[in-house]
Enquirer: 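Have a look at this one.
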Amino acid sequence: MRLERRRREPKTFCPNCGAPLRDALTHLQCPSCGYAKLTPAGKSDAERKLLAGLNKLLANGHGDTVAVTFRKLARAAPLKNVEIAYARAQWRKILPAEVAVNGSRWFQARKESERIIYKRIRAEVGA
Ligand SMILES: [Zn+2]
C-alpha cells in the first residue's frame, strides 16, 4: 500500500520530446532531454526568493530610492536554474506594491519594463 502511494503517475509529458515528466516536488523534469517546469510548490519557492531579494536590496539601499531590476534580485537571492525563467517572467507581478523592511515602508513609485523604482515612505517623526 505504501509502495503504491509512492508511485507517482506522470501528470504531463515533455513538450520537447514527449517523455513522461518526473515529479521532483518543486519541479517536473524530463529525464531524457532535461526540460523542467516548476510545480506550484516550486513557484512559491521562487516567489519567496524574489521577496527575500527585494528585502535585501531595500535594506542595503542608499537613500530613499532603490531601482530594482531582475538581475539585482537574482544576485541578492540566488535562483535555481529551473526557477529563473519563471522568476524572470513574473517578478514584476510578484513584487508587492508596498513593503516594510527594517521599520521603513517602501512603495513602488514607478514601474518600468526593466526596473521597478521603490521609494521609502518618510516616517513622520513628531510634528
Ligand atoms: Zn524531454
Side-chain angles (χ1 to χ4, degrees):
M1 183 144 170
R2 202 175 296 162
L3 265 179
E4 206 155 350
R5 206 181 303 162
R6 206 182 299 166
R7 200 188 328 129
R8 293 166 182 273
E9 289 300 316
K11 291 189 194 89
T12 21
F13 295 89
C14 177
N16 294 337
C17 69
L21 296 177
R22 194 185 292 149
D23 190 340
L25 290 178
T26 57
H27 59 281
L28 301 176
Q29 177 118 37
C30 175
S32 66
C33 77
Y35 167 86
K37 171 187 168 188
L38 288 182
T39 61
K43 288 180 183 175
S44 316
D45 281 356
E47 288 165 19
R48 259 198 302 278
K49 286 186 190 174
L50 287 175
L51 295 179
L54 174 67
N55 280 12
K56 239 189 232 179
L57 293 178
L58 296 180
N60 299 334
H62 301 294
D64 292 336
T65 304
V66 172
V68 176
T69 61
F70 178 72
R71 276 173 61 102
K72 288 188 197 168
L73 284 173
R75 214 181 306 139
L79 297 158
K80 286 188 269 182
N81 278 339
V82 62
E83 294 169 336
I84 287 175
Y86 171 76
R88 185 183 282 131
Q90 300 295 325
W91 69 280
R92 296 170 80 260
K93 283 185 205 158
I94 291 164
L95 295 192
E98 210 177 301
V99 63
V101 179
N102 293 349
S104 292
R105 294 199 68 79
W106 297 78
F107 72 101
Q108 289 184 0
R110 208 161 64 239
K111 228 169 171 174
E112 299 168 358
S113 57
E114 299 295 328
R115 55 186 206 157
I116 296 177
I117 311 297
Y118 274 88
K119 283 190 187 289
R120 193 198 306 263
I121 299 172
R122 287 203 166 272
E124 287 153 34
V125 185

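Every heavy atom of this structure was used, including side-chain atoms; hydrogens, water molecules and symmetry mates were not. Counting starts at 1 for both ligands and their atoms, in listed order.
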Enquirer: Would you say Leu38 ends up clustered with Ile84 if hydrophobic residues are merged whenever their side chains have heavy atoms under 4.5 Å apart, either directly or through other cluster members?
Expert: yes

Enquirer: Looking only at heavy atoms, what is the nearest atom pair of Pro96 and Leu54, with distance?
Expert: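 In terms of heavy atoms, the two residues are closest at CD-CD2, 3.7 Å.
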
Enquirer: Could you tell me which residues satisfy salt bridge (Lys or Arg N to Asp or Glu O under 4.0 Å) with Glu114, sequence neighbours excluded, listed by chain and number?
Expert: none

Enquirer: By the side-chain hydrogen bond (donor to acceptor under 3.5 Å, both in side chains) test, which pairs, at least two apart or in different chains, include something from residues 85-96?
Expert: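 For residues 85-96, and leaving out neighbouring residues, the side-chain hydrogen bond (donor to acceptor under 3.5 Å, both in side chains) pairs sorted by first residue read Glu47-Tyr86.
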
Enquirer: Going by side-chain hydrogen bond (donor to acceptor under 3.5 Å, both in side chains), name the pairs with one or both residues in residues 31-46, residues two or more places apart or in two chains.
Expert: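 As it turns out, the side-chain hydrogen bond (donor to acceptor under 3.5 Å, both in side chains) pairs with a partner in residues 31-46, which skip direct neighbours, are Asp45-Arg48.
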
Enquirer: Could you tally the protein N/O/S atoms lying less than 2.8 Å away from the Zn ion (ligand 1)?
Expert: 4

Enquirer: Out of Leu51, Leu79, Leu50, which residue meets the side-chain contact (heavy atoms from CB on, under 4.5 Å) rule with Leu73?
Expert: Leu50

